[in-house]
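Following: one structure in structure tokens, then a few remarks.
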Amino acid sequence: MLSVQRQVHDAIAGAVRRHYGVADVPPFAVEVPPNRALGDLAVTVAFQLARTLRKAPRAIAQELAGALGDLPGISRVVAAPNGYLNLYLDRPSFLLARLRGDVAAALAPLEKTIVEHTAINPNKAAHIGHLRNAALGDTLARVLRFSGAPVEVQNYIDDLGVQVADIIVGFRELEHQTLDDVRRIAETTRFDYHCWDLYSRVTEWYEGDSARLTVRAAALHDLEHGAGDTAAIGAFIVDRIVRAHLKTMARLNIEYDLLTYEGDILRLQFWAHAFEILKAQGAVFLQTEGRLAGCWVMRIEEDGGESAATDESGDAREKVIVRSNGVVTYVGKDIANQFWKLGLLGRDFRYRLFSRQVDGRPLWATTSEASDPAAPPFGHARRIYNVIDSRQMYLQALLSQALRTLGHPQEAENSVHFSYEMVALSHATARELGYRIAPESEEARKPFVEVSGRRGLGVKVDDLLDLLIEKASSEVGKRNPEFPDAERRRVAAQIAVAAIRYFMLKYSRSKLIVFDIEEALSFEGETGPYLQYAVVRANNILLKLHEREGLTEADVVGALDAANAGEIIGANQVDQDDPHSLWAVVLEASRLEETVDQVVRTLEFSVLAKFAFGLAQTFNAFYHRYSILNEEQVEKKRWRAAGVAYFRAQLTRALDLMGIEVPSRM
RNA sequence: GCGCCCGUAGCUCAGCUGGAUAGAGCGUUGGCCUCCGAAGCCAAAGGCCGCAGGUUCGAAUCCUGCCGGGCGCGCCA
């Protein structure tokens, strides 16, 4: 069964063709009116036709209202004086169809989709900047799965990068420690936190004498060549930190399918292979003159691909892919990775089982050793999303450009840079973290303080979660003194996750988030816990209905009688268009599916967040006006209970898309 | 200099492919727990939607220019 909107649209388009003999009906919207008094759906077709028909919208609307006849699922059509067509749904059958599962969402074609997110440098603990990335990426994967796509979630691990080299330098040069020492530290400390502090000390150490950067270069070289202690220490650190990141993310209900290691891209000659392809197609060339002489470079095109971009001096801009010393840059390695994801490289990784995640889902990792024969197929995606902040726009554009140059325009089109703005700190929060800013400095005049892993300035994800859990735990304890400790902790953790994940999703992705602890710690108003609370209330009602009267949800639905549907129609109310009525809750709840469609189309999760919040608000208002358990008239009570059941189901699904669980009680 | 993003209520933000009186949270003020849980509900106050043009029957929304702020433009990643 198609959505009501679709049916209405097609029926009206048909009526326009018949009544006016218009072959091409102009596009028109079936939208939601601004308030209940204007019906359940509104159609703008009369405005679109006004010009071609040379008639007032009002007259057209009136003629159409008369010509439409019976529409499926619609009980009444009204032509508004201003030209809108306002439609009233057949409310009882609308709710019944949904409760009985007769309305199936139209699924998108099954395109294998890869979402890459998180990709934190494995040399320190995760901070809130990383959290925004992971929360967006995980929600993207959930939303795509909801709409029917098979999704593979990848987490890219830059195990051979400068940041890893830096932390190795920290252990060796600053702490004079060996691999065994590092192992011991990992066993006896909070290792990711230890590295967090050490990393900022290394940064200071470099700043103390720029000659020390040669130490970094040497470490990086050894790391890339798998040489000696450096490589061994690096591998150990990376493994420990990656596991710490995974543990942190698991607390937030974020899981992955595959860890892609940069080291394997090198060892398995992915880059060498991609390089051959790039050279053969002329996508890269050896620069022989100027400051980039000796480098293999890629010309940077304007977004249309027509004219070449130029720099300040008017020269064509070129991006170095292979340095004059023969070492490939990050961009080169990433091009190879993207080719592989799309099945264009002609090579594959080998795979090992890395761990089992909380719900038993296996986590695989790439390897250069023998492959586990049990590994499922990875890669070969039709569509890929790279969740990376907007600062990397240029590099992402280069990847698309490379695909186009190599004759893969479709793949370029299907490679999406899921871009979002960064997370910064409010001055108050930076101060709370012990960061001092000189009063008259340039930094003090800025509206925010930039997070910097390099300087050790940022809110660690685990610290934030711990704070939230502590606060939630005390709130839960106040309201539920009978809870055993374990239950209180479990619920507090669910509330903390809801608070932080909702906070990360409620802003549109083009908005820079100025993170403020005080604000993030709130459980009231537009927050995750508010949403959970609404569902918990609905759960309690249905639970009590079962306890007191032995009625299950199926019993309630089964006993609904359309002949006695006055409650949902609104016939019993003084104001039939009460914006806080049962019907308002049901209609709003039914908009989840179209909201998800919109989210997939726009990749904007604030839409989903606002929808869920608005739905919870509508329910709360209804809840305060109408009693359910204490309603004496049995038909009213049944319809209300049925509406509550539908609301609960829909908001629970919406929360699940945001990675938020519903506590038993809170 | 070039590119991208932001500018809507005191603060933080929604406003979908243009459409009906511009919305929410926080904060402020005032109400509501013998009744399904007050992490809640109701009400009030608060807005030349940065500015100026343009397109349109209709612009917070689309186009152009300007102003203010942020980010990016490396043989770093």
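Just so we're on the same page: letters track the sequence lines, and every chain starts at 1. Both backbone and side-chain heavy atoms feed into the values below; hydrogens, waters and symmetry mates do not.
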Exercise. Could you go through the side chain to side chain donor-acceptor pair (under 3.5 Å) check for A:Arg501 and A:Thr139 one step at a time?
Key: CA-CA 9 Å; A:Arg501 287 197 64 146; A:Thr139 303; 3.2 Å; yes
Quiz item: Where do A:Arg488 and A:Ser473 land on the side chain to side chain donor-acceptor pair (under 3.5 Å) test, with the steps shown first?
Solution: CA-CA 6 Å; A:Arg488 193 183 71 231; A:Ser473 182; 2.9 Å; yes
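At a threshold of 4.0 angstrom between heavy atoms, the contacts of A:Asn123 with the nucleic acid are absent. The residue A:Tyr530 sits close only to the backbone: its heavy atoms come under 4.0 Å of sugar-phosphate atoms, none of a base. Using a 4.0 Å heavy-atom cutoff across all strands shown, A:Ala50 reaches no nucleic acid atom at all. Looking at heavy-atom distances under 4.0 Å, A:Thr329 makes contact with sugar-phosphate atoms alone, never a base. At a threshold of 4.0 angstrom between heavy atoms, the contacts of A:Asn540 include nucleobase atoms, whether or not backbone atoms are also involved. Here A:Gln48 lies in heavy-atom contact (under 4.0 Å) with a base. A:Val43 comes within 4.0 angstrom of nothing in the nucleic acid, heavy atoms only.
B:rG23 and B:rG68 have their P atoms separated by 33 Å, given to the nearest Å. Taking atom P on both B:rC6 and B:rG50, the two are 12 Å apart, rounded to the nearest angstrom. Taking the C1' atoms as reference points, B:rG40 lies 16 Å from B:rC26, given to the whole Å. As rounded to the nearest Å, B:rC33 and B:rC16 have C1' atoms that lie 39 Å from one another. When the C1' atom is used for both B:rC49 and B:rA14, the distance is 13 Å, rounded to whole Å. For B:rA44 and B:rA20, the C1' atoms lie 25 Å apart once the distance is rounded to whole Å. Taking the C1' atoms as reference points, B:rG19 lies 37 Å from B:rG31, given to the whole Å.
Taking 3.5 Å as the limit, the base of B:rG40 and the side chain of A:Asn620 contain no donor-acceptor pair of atoms between them. Counting distance only, with no hydrogens placed and no angle test, the side-chain atoms of A:Asn82 and the base atoms of B:rA20 include a donor-acceptor pair under 3.5 Å.
With sequence neighbours excluded, no residue forms a side-chain hydrogen bond (donor to acceptor under 3.5 Å, both in side chains) with A:Asn121. For A:Tyr261, the side chain to side chain contact (heavy atoms under 4.5 Å, CB included) partners at least two apart in sequence or on another chain are A:Ile157, A:Asp159, A:Val238, A:Val242, A:Leu259, A:Asp264, A:Arg352, A:Phe354, A:Ala365, A:Thr366. By the side chain to side chain contact (heavy atoms under 4.5 Å, CB included) test, A:Ser390 is found to be paired with A:Ser419, A:Glu421, residues two or more places apart in sequence or in another chain being considered. Partners of A:Gln48 by side chain to side chain contact (heavy atoms under 4.5 Å, CB included), not counting sequence neighbours, listed by chain and number: A:Pro26, A:Phe28, A:Thr44. Every residue two or more places apart in sequence or in another chain was checked for a side-chain hydrogen bond (donor to acceptor under 3.5 Å, both in side chains) with A:Tyr533, and none qualifies. Evaluation of the side-chain hydrogen bond (donor to acceptor under 3.5 Å, both in side chains) rule for A:Lys610 yields A:Glu526 as partners, not counting sequence neighbours. With sequence neighbours excluded, the residues satisfying salt bridge (charged side-chain N to carboxylate O under 4.0 Å, His left out) with A:Arg479 are A:Glu475. Residues passing the side-chain hydrogen bond (donor to acceptor under 3.5 Å, both in side chains) test with A:Glu661 are A:Gln494, sequence neighbours excluded.
Closest to the side chain of A:Ser627, from the set B:rC36, B:rG72, B:rG19, is B:rC36. Looking at the side chain of A:Glu262, the nearest of the listed nucleotides B:rA39, B:rG72, B:rA77 is B:rA77. Taking every side-chain heavy atom of A:His624 into account, B:rA38 is the closest of B:rA38, B:rG72, B:rC75. For A:Asn35, counting side-chain heavy atoms from C-beta on, the closest listed nucleotide (B:rC71, B:rU21, B:rG19) is B:rU21. Considering only side-chain atoms of A:Asn630, the nucleotide from B:rA20, B:rC35, B:rA39 that sits closest is B:rC35. When each of B:rA24, B:rG37, B:rA39 is scored by its nearest atom to the side-chain atoms of A:Glu475, the top-ranked nucleotide is B:rA39. Comparing B:rG3, B:rC42, B:rA39 by their nearest atom to the side chain of A:His580 picks out B:rC42. Residue A:Tyr394 places its side chain closer to B:rC73 than to any other of B:rC5, B:rC73, B:rA77. Among the nucleotides B:rC73, B:rA20, B:rG70, the one closest to any side-chain atom of A:Met422 is B:rG70.
Salt bridge status for A:Arg291 with A:Glu318: absent, with no side-chain N to carboxylate O gap under 4.0 Å. Checked for salt-bridge contact, A:Arg490 and A:Glu487 meet the test: a charged N lies under 4.0 Å from a carboxylate O. A salt bridge links A:Glu450 to A:Arg391: one of the charged nitrogens lies within less than 4.0 Å of a carboxylate oxygen.
Defined by atom type and a distance below 3.5 Å, a donor-acceptor pair is present between the side-chain atoms of A:Ser606 and A:Glu604. The closest side-chain donor-acceptor pair between A:Gln338 and A:Asn386 falls under 3.5 angstrom.
Map A:Ala29 and A:Ala80 each onto its nearest nucleotide of RNA chain B; the residue landing nearer the 5' end is A:Ala29. Comparing A:Leu395 and A:Tyr533 by the nucleotide of RNA chain B that holds the closest heavy atom to each, the one mapping nearer the 5' end is A:Tyr533.
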For nucleotides 67-69 of chain B, list the nitrogen or oxygen atoms of the protein found under 3.5 Å from its nitrogen or oxygen atoms, one pair per line.
none

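The OH atom of A:Tyr623 sits 14 Å away from the C1' atom of B:rC32 (whole-angstrom rounding). Rounded to an integer number of Å, the gap from NZ of A:Lys446 to P of B:rC6 is 19 Å.
In this structure, A:Phe613 forms no aromatic stack with the base of B:rA24, since the conditions of centre separation below 5.5 Å and plane angle below 30° are not both met.
Taking the six-membered ring for Trp and the full ring otherwise, the centers of A:Tyr530 and A:Tyr502 sit at least 6.0 Å from each other. Aromatic ring centres of A:Phe605 and A:Phe418 lie closer together than 6.0 Å.
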Quiz item: What string of B, S and - do you get for nucleotides 10-16 of chain B, 5' to 3', when a contact is any protein heavy atom under 4.0 Å?
Solution: --SSS-B
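The side chain of A:Arg665 contributes no N or O atom lying less than 4.0 Å from OP1 or OP2 of B:rG37. Phosphate proximity of B:rG40 to A:Arg537: absent, as no side-chain N or O sits under 4.0 Å from OP1 or OP2. When the side-chain nitrogen and oxygen atoms of A:Arg323 are compared with OP1 and OP2 of B:rA77, one or more of them lie within a distance under 4.0 Å.
Helical stems in RNA chain B, defined as runs of 3 or more consecutive Watson-Crick or G-U wobble pairs with donor-acceptor distances under 3.5 Å: B:1-7 with B:67-73, B:10-13 with B:23-26, B:28-32 with B:40-44, B:50-54 with B:62-66.
In this structure B:rC33 sits in the syn conformation; its chi angle is within 90° of 0.
Of the residues in residues 159-168 of chain A, those placing a heavy atom less than 4.0 Å from an atom of RNA chain B are A:Val162, in numerical order.
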